[in-house]
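Heads up: the structure comes next, in structure tokens.
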Amino acid sequence: MSDPLLDSLNPEQRAAVTLPHASALILAGAGSGKTRVLTTRIAWLIQTGRVSPHGILAVTFTNKAAKEMLTRIAAMLPINTRGMWVGTFHGLANRLLRTHWREAGLPQSFQILDAQDQLSAIKRLLKSLNIDTEKYEPKKVQGYINGHKEAGRRARDADAHDEYSMQLAELYEAYDAQCQREGVADFPELLLRAYELLYRNEPLRQHYQTRFRHILIDEFQDTNALQYRWLKLFAGPDTALFAVGDDDQSIYAFRGANTGNMLEFEREFAHGRVIKLEQNYRSHGNILTAANALIERNERRLGKSLWTAEGDGEPIRVFEAFDDRDEASFVVDEVKALNREGTAFSDMALLYRSNAQSRVLEHALFTAGVAYRVYGGLRFFERQEIRHALAYLRLLTHPEDDGAFLRVINFPTRGIGARTVEQLADVAARSGASLWQAACTASGKVATFARLIEGIKTATAGLTLAETIDHVIETSGLGDHYRADKDGADRLENLNELVNAAALFSEEAEDDTLDAFLAHAALEAGEHQAEPGRDALQLMTVHAAKGLEFHAVFITGLEEGLFPHEQSAHDESGLEEERRLMYVAITRARRRLYLSHAQSRMLHGQVRYGFASRFLAELPDAVLLPLNRRGASRDAPAAAPPRATPAGHGTGYRVGQCVAHAKFGTGIIIDFEGGGPDARVQVKFGDAGTKWLALAYAKLSPA
DNA sequence: GCGTGACATTTTTTT
DNA sequence: AATGTCACGC
């Protein structure tokens, strides 16, 4: 009898879904139905009675993916999915630590530090230890600490051979001590703590190992060393691990993701049980041909080639613009044309390597009146007014939190300046107490502040979450502060939105305590971006586009130094990651793909000249369609792009022009000086670097 | 204690 | 170009 769950799957997908009770690695290419396989596997396991929801642990990297997974499973199964653990690594670690806080050595109300909180905690530490922040930059220290935590190393495990690394290790140690004292945990700490908890506590470990008979991991290529060890710890002798990933889409190595985990997993758990999903249901043939040709240039990969049952489709359009503004206007024209032909704006995406590139594009779109939406940027719970409000709340439930204390002690300003705070910190440090405790014994303005917090605590004792937050906003003076500020309307609205978010949270969450809400705020920085229904062009970085798909995709800024980014282009591994990034970008497109680059571009306030990205040359010519400059009328002198800076009269050359030199190859003129017989030009060559050449002697020809 | 202007600093991002 | 950080002066 046919099973409705499995009917629409292809043979490989079906094999993956119905694997026996053993660990396996699923190599799922872009657009091959990865999420579908993962969710169907869970549904199938439960429906066929192989496991109860209680025995399932499913891990993802983003909250969005976790939510999507739950929704899809719920749609497939009539039964209730409660009891299943589905969430992000951090969310699950938090859940574990909240349940076993005593065993984990944390206070019950421990607070979570996001990256920003962590950085300010580190700055505070460096200051208290009188460390030279020129030599030990806070950001570097943060990177050092997180790097070690993500590799599963405590300060004592960090190798310290010279003065510098010994100092760093000491700072790491001191930082952890500070966090412990204040009862806070940063993101990697959540994982490491949860890991250590199970590692050291055998009964607990056995409990979870027996409970979770099936562990499923999404985006496995993004796991770091600690997350992998974490999974190994959860897996008992009778646990089946189901890891789904695509090494070609690993684009987070820069933050510790380790594709090597896939190889290791194959050896340690899957024992050769590897299923490749290579049929792509998303893109037309030419797009896949390009993607395959590109990614084949990478050495380090497990090897996989996408194919489609669809036809070749349209060629990939390549456009060379004079400059970034020209590129933007090209994009605008094409977007409008596509929309006229019936493609919704929301089904088109405009991708770029780095956020700074969006400005010019936005300007052009705005001027042309095209609705667009930029993803990324400041998230809801990261806004300063929200952080202030949350800091008050943190202080209510967890007064030991010095970070929260410092954020609000003088915001809104109440006449407590740096000097006073410093004295307070001295008192606290001498007695080993928290700032809050020191404040409670203080007098004057500090005492008034302490009474304010105490007052809020008493007044909100019986209130709901939303009422509490509303009360905090009004009593703390935050509300008045932003009402007095003529630019404070948006912030007030956000604070109001925070109250709404709390009300919603109370409705939905099983545990609607203040602590739970604060953890939620830290772990889920807020995908609550407003105005969904509107049909708008989608703008985002390539990173942000992972996992999404669009009818038409524009990849812009395909220039050396930008994409691949110059910071990554030096070593082979960096370059391979950039290539994977390009692979991800290409495979977002279903039907139509545009690649564009510009001869010159405004970057960091000055004009830069770049060559076309090497990635363009790595695509097969057969699938590319170089676009001619648009209609002759638009090329009329009046509308010509503003690149024509004459390079000395009568020389026949101008800045921005491509030229060829017998010895140095081709390059672009980026500057000139003198005129007539003395004229010299500065040319940036692809291979030979930048050279000054005298026009009278150098044999240049237009290229 | 607080506000302002000079200064540097620019990848990618989730949790 | 634009943004954040820091030191200085009121």
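So you know, we letter chains A, B, ... as the sequences are listed, proteins then strands, and number each from 1.
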To the nearest angstrom, how far is [X] atom [atom1] from [N] atom [atom2]?
| X | N | atom1 | atom2 | answer |
| --- | --- | --- | --- | --- |
| L351(A) | dT13(B) | CG | P | 12 Å |
| R255(A) | dT13(B) | CZ | C1' | 5 Å |
| Q567(A) | dT9(B) | CD | P | 13 Å |
| F411(A) | dG1(B) | CZ | P | 17 Å |
| Q116(A) | dT5(C) | CD | P | 9 Å |
| L558(A) | dT11(B) | CG | P | 19 Å |
| L562(A) | dT10(B) | CG | P | 16 Å |
| E137(A) | dC6(C) | CD | C1' | 15 Å |

(message) Stacking between dT12(B) and H543(A), yes or no? Criterion: centroid separation under 5.5 angstrom, plane angle under 30 degrees.
(response)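 No; centroid distance or tilt outside limits.
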
(request) Measure from the ring centre of Y252(A) to the centre of the six-membered ring in the base of dT12(B), then say whether that distance is under 5.5 Å and the planes meet at under 30°. (result) no

Please determine whether a side-chain nitrogen or oxygen atom of [X] lies at a distance below 4.0 Å from atom OP1 or OP2 of [N].
| X | N | value |
| --- | --- | --- |
| N410(A) | dC2(B) | yes |
| T541(A) | dT13(B) | yes |
| T420(A) | dG1(B) | yes |
| N146(A) | dT15(B) | no |
| R379(A) | dT14(B) | yes |
| N63(A) | dT14(B) | no |

[X] side-chain proximity, nearest of [options]:
| X | options | result |
| --- | --- | --- |
| F187(A) | dT11(B), dT15(B), dT13(B) | dT15(B) |
| K123(A) | dC2(B), dA1(C), dT5(C) | dT5(C) |
| S568(A) | dT11(B), dC2(B), dA2(C) | dT11(B) |
| T62(A) | dT14(B), dT11(B), dA1(C) | dT14(B) |
| L523(A) | dT15(B), dT13(B), dC2(B) | dT15(B) |
| R353(A) | dT13(B), dT12(B), dG1(B) | dT12(B) |
| H565(A) | dT11(B), dT13(B), dA1(C) | dT11(B) |

(request) Begin from the C-alpha positions of D222(A) and K546(A) and carry the test salt bridge (charged side-chain N to carboxylate O under 4.0 Å, His left out) through to its verdict. (result) CA-CA 12 Å; D222(A) 288 337; K546(A) 189 166 127 179; 2.8 Å; yes

(message) Assuming nearest nucleotide by heavy-atom distance, tell me which of E382(A) and A418(A) is located more 5' along DNA chain B.
(response)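 With E382(A) and A418(A) compared, the 5'-side residue is A418(A).
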
(request) Return the 5'-most residue of the pair R414(A), E577(A) with respect to DNA chain B, ranking by each residue's nearest nucleotide. (result)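 It is R414(A) whose nearest nucleotide is closer to the 5' end.
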
(message) Whether the side chain of Q227(A) engages the backbone of F89(A) through a donor-acceptor N/O pair (distance < 3.5 Å, no angle test) should be reported.
(response)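 Side chain of Q227(A) to backbone of F89(A): no pair is present.
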
(message) By the 4.0 Å heavy-atom rule, please label A115(A) as base, sugar-phosphate, or nothing.
(response) base

(message) Over all strands shown, is N355(A) touching base, sugar-phosphate only, or nothing at heavy-atom distances under 4.0 angstrom?
(response)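 Result for N355(A) = sugar-phosphate.
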
(message) Within the structure provided, determine whether Y252(A) and H543(A) are in side-chain contact (heavy-atom separation under 4.5 Å).
(response)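 Sidechains of H543(A) and Y252(A): in contact.
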
Would one find more than 12 heavy atoms of other residues, nucleotides or ligands at under 6.0 Å from atom [atom1] of [X]?
| X | atom1 | value |
| --- | --- | --- |
| F505(A) | CZ | yes |
| R154(A) | CZ | yes |
| F366(A) | CZ | no |

(message) Here's a test for you: under salt bridge (charged side-chain N to carboxylate O under 4.0 Å, His left out), which of E559(A), E560(A), E566(A) qualifies with R608(A)?
(response) E566(A)

